[in-house]
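So the structure is just underneath, and the comments pick up after that.
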Amino acid sequence: MRILCVAEKNSIAKSVASILGGGHFRRRDTKSKYIKNYDFDYDFGGQLGDCNVTMTAVSGHLTEASFPPEYSSWSSVPQEVLFDAQIRISVSKNSAPLADNIRREASNADYLYIWTDCDREGEYIGTEISNVARSGNSRIRVLRADFNNLERTHIIRAARNPRNLNQWAADAVAARIELDFRLGAIFTRIQTLQLQKAFEILKKRVISYGPCQFPTLGFVVDRWQRVEDFLPEQFWSIKLQDRRQAKTVTFNWKRNRVFDHLAALVYLERCLEAKVAKVTNVVQKPKTKYKPLPLTTVELTKLGPKFLRISAKKTLEIAEHLYTNGFVSYPRTETDQFDPGMDLQTLISKQTSDPSWGTFASDLLSGNFRNPRSGSHNDKAHPPIHPIAHVTQNALPSQDHWKVYQFITRRFLACCSDHARGAETIVEVTMGDEQFSQSGLTVLEHNYLDVYIYEKWNSSAQLPVYEMNDEFVPRQVNIIEGATTSPTYLTEPELISLMDANGIGTDATMAEHIEKVQEREYVLKRKRKGKGSGAGVSEFVPTSLGVALVKGYDEIGLEWSLTKPFLRREMEVQLKNIEKGQSSKNVLVEVTLTQFRDVFHLTKTRFECLLRRCKEYLEGQ
DNA sequence: GCAAGGTC
């Protein structure tokens with residue numbers, strides 16, 4: 001038998017070939033400098049048996065959508081025609097050499113064995129590969145490998161247990177491709193042409209619409225608007241201070257603060273009339289600081305900027321590199337629960353040699369191990385991100401690579417250890433009718449915090465001893481004054497959280513959409529001004545054009561506004577339904593296009609809303 | 001000159 005294996009990228013082809021070939025493979029060049037063909041023999045067992053294998057790869061998607069040439073003119077083709085225009089799916093220019101390679105290699109193969117990543121897009125890429133292979137050999141039979149990391153035993157198990165391509169997942173992707181392409185073209189063309197015509201300053205600009213770009217912009221404008229609208233409000237609070245055992249204790253008012261000065265004065269008056277404060281409750285209770293959940297891509301892209309000061313996009317790129325070199329598991333995962341059958345002990349044992357966290361890992365193996373927490377997400381394709389092999393700093397190309405590897409490893413070890421534990425004392429006092437409280441914390445066991453150095457949990461100052469019903473004359477009872485502070489502009493982790501919560505983009509593309517709205521000059525990134533903890537943090541503000549687009553579309557029809565996340569979120573839900581076999585591709589495409597025909601009609605008839613807003617923000621003020 | 005999703 002001759003088997004053609006095709007992976008989603010060269011690095012996987014190379015890794016799998018070296019595992020299955022036992023290090024004995026022959027490498028042939030192809031017309032693409034990124035892709036090689038690896039030849040070796042392998043006994044797959046079962047129906048396949050001993051085979052001549054060629055392992056090769058694509059580079060992600062092979063095909064792209066396009067309209068036939070008669071639709072390519074922006075000015076002479078009415079946009080609404082694109083709702084019904086035929087869409088061609090053809091091999092993209094960049095992928096042509098890869099398609100040729102697959103066609104040629106398939107011509108004398110009995111089986112095509114697909115090794116694309118096991119996720120929705122991977123199933124679709126599998127069907128792209130399969131179509132190309134069949135155009136070179138109509139009798140070729142297709143199998144699909146089920147794997148989610150590059151561990152030797154896992155790959156061998158996958159090789160011996162092929163399954164079929166998942167047609168439902170591939171259909172969901174086909175629906176997304178068609179909808180994104182049509183809607184992107186239709187709305188980009190109408191708004192670009194109309195706005196270019198009306199504003200000199202936009203003459204050379206493409207005002208693109210994308211179902212992910214616009215909601216991303218919407219989040220930035222939304223926060224900006226709240227900052228704009230903010231008016232500080234004065235508030236008053238009562239501070240109660242005691243002096244005992246050479247310690248000063250400040251108690252916090254249960255009402256926290258009031259926005260009426262007179263009311264605050266009345267409350268203070270009552271306290272003062274009472275003259276003494278009385279201890280009404282002393283509680284001592286254990287306090288737990290929970291260890292983190294298993295690591296997902298979204299968490300990684302949020303914590304990269306936060307803990308490591310590496311941008312979301314860079315963090316992901318580095319994680320991808322660590323993955324393709326076999327140091328960490330697949331970095332694009334939504335799963336925050338480890339499979340119960342997973343051998344965590346072996347993964348931990350690979351870390352015991354590390355000078356920094358080796359001892360911690362050893363201690364986990366000799367009794368400190370605790371089962372990881374389970375989050376609520378499972379994509380059924382990839383486990384949470386975790387280290388596969390130990391690596392030293394010298395073996396990595398940069399300091400940032402080391403930071404990311406270290407973070408992934410420390411996070412994993414933290415997941416496998418115990419929560420941090422402490423004891424909390426809460427003292428409640430009453431003066432007149434007003435209640436106050438203060439608490440003290442003693443950290444007893446750091447546990448996971450010993451390895452997860454990114455979080456801090458410190459004991460507070462020890463409270464002096466208070467007994468129930470103690471009475472004391474406070475050293476000080478007075479009113480303090482303050483004002484509410486403005487919300488701040490969106491940071492990258494905040495924006496990613498919003499996109500994630502609303503299903504805008506995938507874990508792997510959120511960082512790219514954030515770049516796109518900056519490239520289109522809808523949004524600017526800048527350093528936060530001022531003093532304090534947030535100073536120097538990167539934050540996003542909309543440009544005049546960004547604000548004008550959002551306000552214009554909101555005015556056209558708030559319920560359906562393209563800048564709101566609802567439409568995309570709904571589409572994501574529908575795609576999941578197709579994956580589950582509960583809906584079909586054609587139904588989703590038809591229903592969605594019908595919705596968007598209405599949105600398009602509204603946009604066209606009320607375009608003056610956009611023009612007016614652009615006039616206001618681009619020329620006015 | 002248009003999207004979003006893969007990947008280099």
Side-chain angles (χ1 to χ4, degrees), chain A residues 6-14 30 32-36 57-67 71-75 77 79 81-82 85 87 89 91-92 94-95 97-98 116-129 169-170 172-196 202-217 297 313 316-317 319-321 323-324 330-332 381 499 503-517 519-520 562 567-568 571-572 575 592 596:
Chain A
V6 185
E8 192 163 316
K9 49 205 160 223
N10 180 61
S11 57
I12 298 285
K14 189 178 168 188
T30 71
S32 160
K33 64 175 170 176
Y34 302 113
I35 303 297
K36 310 287 174 199
V58 291
S59 273
H61 285 275
L62 269 178
T63 62
E64 64 186 3
S66 63
F67 292 119
Y71 299 100
S72 58
S73 163
W74 287 33
S75 52
V77 178
Q79 292 92 26
V81 168
L82 301 180
I87 286 183
I89 301 289
V91 171
S92 65
N94 287 344
S95 298
L98 310 185
T116 50
D117 297 346
C118 286
D119 52 24
R120 196 203 274 171
E121 298 291 333
E123 298 303 321
Y124 182 85
I125 294 169
T127 63
E128 292 180 297
I129 295 168
V173 172
R176 175 193 62 71
I177 289 172
E178 174 169 350
L179 290 169
D180 287 347
F181 181 64
R182 280 194 201 282
L183 300 173
I186 290 166
F187 285 92
T188 298
R189 288 187 188 187
I190 187 176
Q191 70 189 18
T192 300
L193 292 178
Q194 301 259 27
L195 291 173
Q196 280 184 348
L202 300 177
K203 273 282 181 295
K204 297 214 155 51
R205 300 262 290 270
V206 173
I207 321 291
S208 65
Y209 162 77
C212 290
Q213 292 174 32
F214 261 44
T216 303
L217 166 62
T297 306
K313 192 154 183 280
L316 241 194
E317 282 169 8
E320 170 82 9
H321 178 270
Y323 160 66
T324 54
Y330 191 65
R332 291 188 282 257
M499 294 172 76
I504 306 303
T506 68
D507 42 13
T509 59
M510 288 173 195
E512 286 171 34
H513 298 310
I514 294 172
E515 296 239 321
K516 183 61 103 180
V517 292
E519 181 192 321
R520 295 293 186 214
L562 296 181
L567 290 166
R568 185 66 180 192
M571 185 174 134
E572 263 311 310
L575 292 180
T592 307
F596 272 87

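Per chain, numbering begins at 1; letters A, B, ... match sequence-line order.
- Per the geometry, CD belonging to A/Gln194 stands 19 Å off P belonging to B/dC2, to the nearest Å.
- Not counting sequence neighbours, the partners of A/Thr30 by the side chain to side chain contact (heavy atoms under 4.5 Å, CB included) test are A/Ser32, A/Ile35, A/Asn37, A/Asn101.
- Rounded to an integer number of Å, the gap from CD of A/Glu512 to C1' of B/dA3 is 12 Å.
- For residues 116-125 of chain A, proximity to DNA chain B is found at A/Asp117, A/Glu121, defined as any non-hydrogen atom under 4.0 angstrom from a strand atom.
- By the salt bridge (charged side-chain N to carboxylate O under 4.0 Å, His left out) test, A/Lys14 pairs with no residue at all, sequence neighbours left out.
- Residue A/Gln196 contributes atom CD, which lies 11 Å from atom P of B/dC2 at whole-angstrom precision.
- Across all strands shown, A/Tyr209 has heavy atoms under 4.0 Å from sugar-phosphate atoms exclusively, and none from any base.
- Residue A/Gly60 is in base contact, counting any heavy-atom pair closer than 4.0 Å across all strands shown.
- Of the candidate nucleotides B/dG1, B/dA3, B/dC8, B/dG1 has the atom nearest to the side chain of A/Thr192.
- Note on A/Tyr323: nothing from the nucleic acid sits closer than 4.0 angstrom, heavy atoms only.
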Show me the donor-acceptor pairs within less than 3.5 Å that the side chains of residues 205-212 of chain A make with the rest of the protein, sequence neighbours left out.
unit_1   : atom_1 : unit_2   : atom_2 : d
A/Ser208 : OG     : A/Gln213 : OE1    : 2.7
A/Ser208 : OG     : A/Arg520 : NE     : 2.7

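- With distances taken from any side-chain atom of A/Gln213 to the nucleotides B/dC2, B/dC8, B/dA3, the minimum falls on B/dA3.
- Of the listed nucleotides (B/dG1, B/dG5, B/dG6), B/dG1 has the atom at the smallest distance from the side chain of A/Val206.
- The interatomic distance linking A/Lys203 (NZ) with B/dG1 (P) rounds to 18 Å, in whole Å.
- Atom CD in A/Glu64 sits roughly 16 Å away from atom P in B/dG5 (whole-Å rounding).
- Of the side-chain N and O atoms in A/His513, none sit less than 4.0 angstrom from OP1 or OP2 of B/dA3.
- Rounded to whole Å, atom P of B/dC8 lies 13 Å from atom CG of A/Leu316.
- Nucleic acid contact for A/Arg520: sugar-phosphate only, since backbone atoms but no base atoms lie under 4.0 Å from a heavy atom of the residue.
- Salt bridge absent: A/Lys516 and A/Glu512 never bring a charged side-chain N and a carboxylate O closer than 4.0 Å.
- For A/Phe214 and A/Phe187, the distance between ring centers is not under 6.0 angstrom.
- With B/dC8, B/dC2, B/dG6 as the choices, the nucleotide that has an atom nearest any side-chain atom of A/Thr506 turns out to be B/dG6.
- Atoms CZ (A/Arg568) and P (B/dG5) sit 5 Å apart, rounded to a whole Å.
- With sequence neighbours excluded, the residues forming a salt bridge (charged side-chain N to carboxylate O under 4.0 Å, His left out) with A/Glu317 are A/Lys313, listed by chain and number.
- How far OH of A/Tyr330 is from CD1 of A/Ile12: 8.0 Å, rounded to the nearest 0.5 Å.
- Remark: ring of A/Trp74 stacked against base of B/dG1; centroid gap under 5.5 Å, plane tilt under 30°.
- Following rounding to the nearest Å, A/Leu562 (CG) and B/dA3 (P) show an atom-to-atom distance of 14 Å.
- Residue whose closest nucleotide on DNA chain B sits further toward the 5' end, between A/Leu98 and A/Gly210: A/Gly210.
- Considering only side-chain N and O atoms, A/Ser208 lies under 4.0 angstrom from the phosphate OP1 or OP2 of B/dA3.
- Residues satisfying the side chain to side chain contact (heavy atoms under 4.5 Å, CB included) criterion with A/Ala172, sequence neighbours excluded, are A/Arg120, A/Leu575, A/Ile578, A/Glu579.
- The side chain of A/Ala65 lies closest to B/dA3, out of B/dG6, B/dA3, B/dC8.
- If you check every strand for non-hydrogen atoms under 4.0 Å, A/Ser59 touches a base.
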